[in-house]
Amino acid sequence: MGESSAVDLAVWGKSRGLPAPYPLICHLLDAAAAVEALWDQYLAPGLRACVANELGTDEHHARQLLAYWAGLHDICKCMSCFQAQSDDGFGRLVGYESVDAEPTGHAFAAHVWLGQLLSGFGYKVGRVSSPAIRVAQLLGGHHGVFFSFNHREFGDPLGFLPALGKGAWEEQRHTIAGLVYELTGRPEAPPKISDAGAALACGLVILADWLVSQDVFLRERIDAGLPEHGGAEHLGRHLARSRAAAVKLLGEAGLGRLTFKQGDFADDFPFEPNDLQRSISERLPALVDGDPGLLLIMAPMGEGKTEAALHAGRLMGEAAGMPGFFIGLPTMATSDQMLRRVDDFRRRRTNGADSLTLLHGLAWLNSAYSPEGEGVNVLTGDPMATRWLRGSKRGLLANLAVGTIDQALLAVLRGRHNVLRMLGLVGKVLVVDEVHAYDSYMQGLLKALLEWLGALKVPVVLLSATLPVTVGRRLIEAYLKGTGARDLPVPQVTYPGWIYASLRGAEPVQVASRKRTLHVTTREVQLASDRSLERSAAVREILSPLIRDGGCAAVICNTVAEAQRTYQELAGWVQTAGSADGLVPSIGLLHSRFEAHRREQITSEMVSWFGKGDGGRRPRAAILIATQVIEQSLDLDFDLVVSDLAPIALLLQRAGRCQRHPEHDAERPEWAKNMMRLVVLTPVDDRGELAVPRGWPFVYPTALLRRTRDELAALPRGEVAIPVAIQGLVDRVYDENFGNETSPVTQEDVARLADEQTKDLYAQMAAIPAPGRVGDLSRLSGDEFVNEYSTRLGADSGRVVCCTVGVDGRPMLGDKPLPVVEAGGRAGRKWFTKEQVRLVMSNTIPVPGTWLRGLSADNAAPPAWADSPHLSNLVLVRMSGEQPSGPLGDRTLWLSEELGLSDFPPTAS
């Protein structure tokens, strides 16, 4: 193309809230400069190499291309319907005609218009994956959603979309495109743009656009002075200033290059490695010196798998040029606990750009992460993450992140801005803890993610104590399929041990482990007339040694209601029995149905009671009644664990909380010394047959409960040899090849497998296509039907806020009125301060979706909440009385500090 003429600076790109309209060309050049800075200062070396490979070129050329494409992303704001949005309409523009056509969004207009433009710059045209069409689609998707492509729009964009406008509008767009091309170095068209390359390029453009669209940045640029003329010389100077400003902008956002201090395991942690950790430390370095791969660690509970993963992930990330972590966990509670451990590792082992984010729906309520919303670690006074990184959808861009696994799975769920999440994942190591904890639907999404990460050469670490061999093999195969090694045999992990799989092969490594014996006692308990489990008498008998001689025990129930009732029954008993014998145990209750602030308080207290390192807080006698919330990642130690019957993998996890820390062995009571003991309460009918309580099938498949019961009954002397017996137990219960003489098929087995296959099918429908099978980029966004899916299939739940009514009739939270009016706003939107939202959200309680049916007008939240992304879906329960109670639809709920939220009175027996 020839020398570009001058750009019209009156064509604006940003104006809302600014002292003056910001020229479109300036915004485009700002975005180009931001991409260059991100490439130079932020993207990990391995990620840069990956992007260049997916574009079929070298890193220097890839940098130029990405800057050029970012400089085109908003080019179709040069359009009548967009320019008319300014306060003076066309008052500033000369020579442009108003276009009488249906208005359209500028992103869709770019999708339509750019393909033909780029063909003039030498970009190949043909299939939907050809470079010209790919760039048009990826830039049209810079708002997070891709549009479908058809060749009619490419052949005649102005005829297909009249709103684009002819004459001066078309002339100006070509002038802008030509000048951006000149100023970004006239990059040659790429030979290819793969599916993954398009996704990552779009994610980078979105990131650059968000950075340079901040009001504070735009105001600084206006104050510094805008170009006086739209020629190449003046705009070149603007680009030079933008390049300098972009470096500062990245620093303020917390985006930089992370490195770790050199060293071995002894440098990573202030203790000697155990056999598992030593094996990885000594043997893994030679394996990672080549193609990136996946590490699966299978070892018993309490064997230091987290520390092994952090050490291994550091080695794998350094070898792949992708330092940093995202650590995905099953729940918000486990994520909160992991945050402190990763923060300790971060402060000791990183150099620069070490922002750490906590990623789940209530992360900003975590006092260690964000006290008063300021993101300062109360333990050290050190800021974990900048305010910008704590913004919506940005947390994965931090070099270090901890959160629920959902945050990673969203990268492969068809939906808005998934490519930005993918960009955040690709520059670091993915660590997935408690892999066994995810159902078939989430496993299906995880397989899709692993295939993408394998294709993009991202290191992965998977951790589990109780993962069925078949599941582990499928996850490894999904990763290897992404790398291109489709037929590489995957040997079985020899438990306990680990396996590193890459293009060079996979070889299991067995390790020694602390040998222990778990003594399992099954106690049959009959059902009451309402099909609830009458566990109280059995639990009292089991815990009687604790009343006499002290000790710490956990009682784990399968449902919240059962935990609440059990707590009530035991609380009265310990007072009576304990007073008679002179020892009254402390007693606690932990489940999900407390207010958020109360649950955090209880969790912290229980960790201080039963956690590692007593600090003088471990009680002489104490009982914790809990649900499944304590079976994963909470580092608690009990002398005895009593549990409802559950699938064997989860029973073993619960048993892992029994005598977990040797440092407490000396203080254990005589009845518990040298006796790691699990008591399983098994529900039976009058004939001694398994009888599942009414609420359990919604929690666990009946087939797994029955097969677990059978395996427990067959244990020799009621003993489980740890670690050698764990894998066999798990595999026999979860075996899919049953139906033989020793394991006859039942209708329950058929129903379980059908359910798992259905969930896997739904995962395939909800997930984006694998790299190489995308074609039209709109398949990354999905359609309206698919977008109804989430990362947790059938997660039918909601959140309520329990309030009282003040003397003036206003709803109250404690002594504070419920926020019902906006604190300020603009453009008709209602805004609440962070303190107001924090007050409400810290009092929210999760409830089953069935509780939210048939709601009344009294349950409606204040109308002003509808405009708040945090408050819009909340439901009110107005409570009154000495024992606060109130209606939620057609049911009555009670709230107490001890029980949390219940659907029965706290005084019920």
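Within a 6.0 Å radius of CD in Glu897, no more than 12 heavy atoms belonging to other residues, nucleotides or ligands are found. For Glu898, the CD atom is loosely surrounded, since the number of other residues' heavy atoms within 6.0 Å does not exceed 12. For CG of Asp100, the number of neighbouring non-hydrogen atoms (other residues, nucleotides, ligands) closer than 6.0 Å is 12 at most.
Expressed to the nearest 0.5 Å, how far CG of Asp890 lies from CG of Leu855 amounts to 9.0 Å. Note that CD of Gln85 is 8.0 Å distant from OG of Ser15, once rounded to the nearest 0.5 Å. Expressed to the nearest 0.5 Å, how far NE2 of His142 lies from NE2 of His106 amounts to 3.5 Å. A distance of 3.5 Å separates CD1 of Ile602 from CZ of Phe594, quoted to the nearest 0.5 Å. Between atom OG1 of residue Thr357 and atom CE of residue Met384 there is a gap of 10.5 Å, rounded to the nearest 0.5 Å.
For His27 and His73, the ring centers sit closer than 6.0 Å to each other. For Phe147 and Phe108, the gap between ring centers is short of 6.0 Å. In this structure, His143 has its ring center no closer than 6.0 Å to that of His111.
Cation-pi check for Arg221 over Tyr22 is not met; the charged atom does not lie both under 6.0 angstrom from the ring centroid and within 45 degrees of its normal.
The pair Arg346-Asp354 meets the salt-bridge criterion, with a side-chain N (NZ, NE, NH1 or NH2) lying under 4.0 Å from an Asp/Glu carboxylate O.
Every residue two or more places apart in sequence or in another chain that forms a salt bridge (Lys or Arg N to Asp or Glu O under 4.0 Å) with Asp406 is listed here: Arg792.
Of the listed residues (Lys393, Arg421, His360), just one forms a side-chain hydrogen bond (donor to acceptor under 3.5 Å, both in side chains) with Gln407, and that residue is Arg421.
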